Amino acid sequence: MKGMVFTEFIDMVEQRFSPELMDEVIEAAAPPNGGAYTAVGQYDHHELVKMVVELSARTGVAIPDLVRTFGEYLFGRFHQGYPHLFEGMGSAFQMLSSIESIIHPEVRKLYPDARPPHFDIGGDGVNTLEMTYRSDRHFGDLAEGLIRACIEHFDERIALAREDLVDAPGSVIRFVLTRQNA
Ligand code: HEM
């Protein structure tokens, strides 16, 4: 997984909790590089999972909640760091339906070694949008946080439903977004 995801996670924990807690988490998770992540590096995503587990153990916040919150935080950071990816995006449906066609392909241009997840996009795109997430990394909670933050970013009234589709929870998830008309 791209290092920028790790560096953003560490920044979030330092801001929302404390640098001391982040140090403890790194010590307990004991990643091979001792926590010296760089944004352009490439690391085993299990290292991130381990840090989340240790953070959860120390804060009492459930793992899915931490990952979802991280997704929300990450969306804001993407907005700050990659404003060109938001240009011309007028709605949450427009942005989310372009993940496969525009956003993650652009990410691959920036970081050729990036391996973003796969989304199948469906629905009518006007009142409903369906996004089926597939990834062997089981980061559906991250996807949920990113989707929620995207809806919030455009300040739209959209309900989000989630259904885990296969036995291995988190590897295939259908998100159904429904526009709420006044
Ligand atoms: C708008 C909604 C978005 C959603 C729902 C989304 C979803 C995700 C998820 C769930 C992952 C984790 C990897 C996995 O599950 O296998 C991921 C990875 C990633 N995404 Fe997105 N993403 C969004 C937008 C963006 C934007 C705007 C950027 C801009 C830079 C971006 C850049 C990345 C990068 C760099 C990775 C790491 C890929 C890797 O580790 O190889 N994403 N995305």
Side-chain angles (χ1 to χ4, degrees), residues 1-13 15-16 37-43 45 48 52 64-165 170-182:
M1 173 106 86
K2 275 321 286 177
M4 58 110 88
V5 179
F6 288 78
T7 55
E8 292 298 347
F9 175 76
I10 291 170
D11 286 351
M12 181 194 77
V13 175
Q15 282 174 32
R16 301 265 170 100
Y37 294 100
T38 67
V40 293
Q42 187 70 245
Y43 308 93
H45 74 281
L48 185 62
V52 175
D65 292 342
L66 286 173
V67 177
R68 215 169 20 239
T69 300
F70 176 46
E72 290 169 5
Y73 175 87
L74 200 54
F75 187 86
R77 297 291 296 153
F78 285 159
H79 186 222
Q80 287 170 340
Y82 305 87
H84 67 284
L85 290 180
F86 288 72
E87 268 165 30
M89 296 290 177
S91 70
F93 279 9
Q94 188 187 356
M95 175 138 198
L96 293 170
S97 62
S98 71
I99 286 190
E100 283 293 319
S101 52
I102 301 173
I103 297 177
H104 280 157
E106 284 296 321
V107 169
R108 282 211 191 83
K109 279 191 214 159
L110 289 170
Y111 304 108
D113 56 351
R115 198 165 61 81
H118 183 76
F119 285 95
D120 284 322
I121 304 294
D124 66 13
V126 179
N127 292 306
T128 62
L129 184 74
E130 285 186 19
M131 303 173 69
T132 304
Y133 162 88
R134 283 170 216 279
S135 168
D136 52 11
R137 294 174 175 166
H138 298 195
F139 272 127
D141 294 320
L142 190 73
E144 186 181 329
L146 285 157
I147 293 169
R148 286 193 184 281
C150 183
I151 294 169
E152 192 130 310
H153 173 80
F154 290 101
D155 200 14
E156 291 176 282
R157 293 189 62 229
I158 294 169
L160 176 63
R162 164 182 172 162
E163 191 187 349
D164 287 54
L165 293 183
S171 57
V172 186
I173 299 173
R174 182 160 58 217
F175 294 100
V176 180
L177 291 80
T178 310
R179 195 175 289 289
Q180 309 289 286
N181 295 315

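Values in this document were obtained by computation on a predicted structure and should not be read as measured data. For the single chain, residues carry numbers from 1 onward in sequence order.
- Across Lys2 and Ala114, no two heavy atoms sit closer than the pair CG-CB, 4.0 Å.
- When side chains are defined from C-beta on, Tyr82 does not count as touching Val107, because their heavy atoms never get closer than 4.5 Å.
- Between Ala143 and Phe119 the shortest heavy-atom distance is CB-CZ, 4.1 Å.
- Pairing each heavy atom of Thr7 with each of Ala39, the nearest pair is CG2-N, 3.9 Å.
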>> As a quick check of understanding, evaluate salt bridge (Lys or Arg N to Asp or Glu O under 4.0 Å) for Glu152 and Arg148, giving each step before the final call.
In response: CA-CA 6 Å; Glu152 192 130 310; Arg148 286 193 184 281; over 6 Å; no
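- Taking all atoms of both residues into account, the shortest heavy-atom contact from Phe6 to His45 is CZ-CA, 4.2 Å.
- At least one side-chain heavy atom of Val13 sits under 4.5 Å from a side-chain heavy atom of Phe9.
- A donor-acceptor pair is defined here as one N or O able to donate and one able to accept, closer than 3.5 Å; no such pair exists between the side chain of Glu8 and the backbone of Phe78.
- The line from CG of Leu96 to CD of Glu100 is 12.0 Å long, rounded to the nearest 0.5 Å.
- Taking both residues in full, the closest heavy atoms of Ile99 and Pro105 are given as O-CD, 3.4 Å, listed atom of the first, atom of the second, then distance.
- Taking the six-membered ring for Trp, Phe75 and Phe86 have ring centres closer than 6.0 Å.
- In this structure, the side chains of Arg162 and Asp141 come closer than 4.5 Å at one or more pairs of heavy atoms.
- Looking at heavy atoms from C-beta onward, Asp11 lies in side-chain contact with Tyr73 at the 4.5 angstrom threshold.
- Within a 6.0 Å radius of CG in Asp113, more than 12 heavy atoms belonging to other residues, nucleotides or ligands are found.
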>> Walk me through whether Gln94 and Leu129 qualify under side-chain contact (heavy atoms from CB on, under 4.5 Å).
In response: CA-CA 10 Å; Gln94 188 187 356; Leu129 184 74; over 6 Å; no
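- Rounding to the nearest 0.5 Å places CG of Leu74 at 13.5 Å from NE2 of His79.
- A distance of 4.5 Å separates CD in Glu163 from CZ in Arg174, rounded to the nearest 0.5 Å.
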> Should Asp136 and Arg115 be marked as a side-chain contact (heavy atoms from CB on, under 4.5 Å) after you check the CA-CA gap, both sets of side-chain angles, and the distance that decides it?
Replying inline: CA-CA 11 Å; Asp136 52 11; Arg115 198 165 61 81; 3.6 Å; yes
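- Atom CD1 of residue Ile158 and atom CG of residue Asn127 lie 10.0 Å apart, to the nearest 0.5 angstrom.
- With rounding to the nearest 0.5 Å, the separation of OG in Ser135 from NE2 in His118 is 11.0 Å.
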>> Apply salt bridge (Lys or Arg N to Asp or Glu O under 4.0 Å) to residues Arg179 and Glu156 and explain how you reach the verdict.
In response: CA-CA 8 Å; Arg179 195 175 289 289; Glu156 291 176 282; 3.0 Å; yes
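- Salt-bridge formation is not detected for the pair Arg68/Glu72: no Lys NZ or Arg NE/NH1/NH2 atom is positioned less than 4.0 Å from an Asp or Glu carboxylate oxygen.
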>> Run Glu144 and Tyr133 through side-chain contact (heavy atoms from CB on, under 4.5 Å) and show every step you take.
In response: CA-CA 10 Å; Glu144 186 181 329; Tyr133 162 88; over 6 Å; no
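- A distance of 11.0 Å separates OH of Tyr111 from CD of Gln42, quoted to the nearest 0.5 Å.
- Across all non-hydrogen atoms, the minimal contact from Leu142 to Val67 is N-CG1, 3.4 Å.
- For Glu106, the CD atom counts as densely surrounded, since its 6.0 Å shell holds more than 12 non-hydrogen atoms of other residues, nucleotides or ligands.
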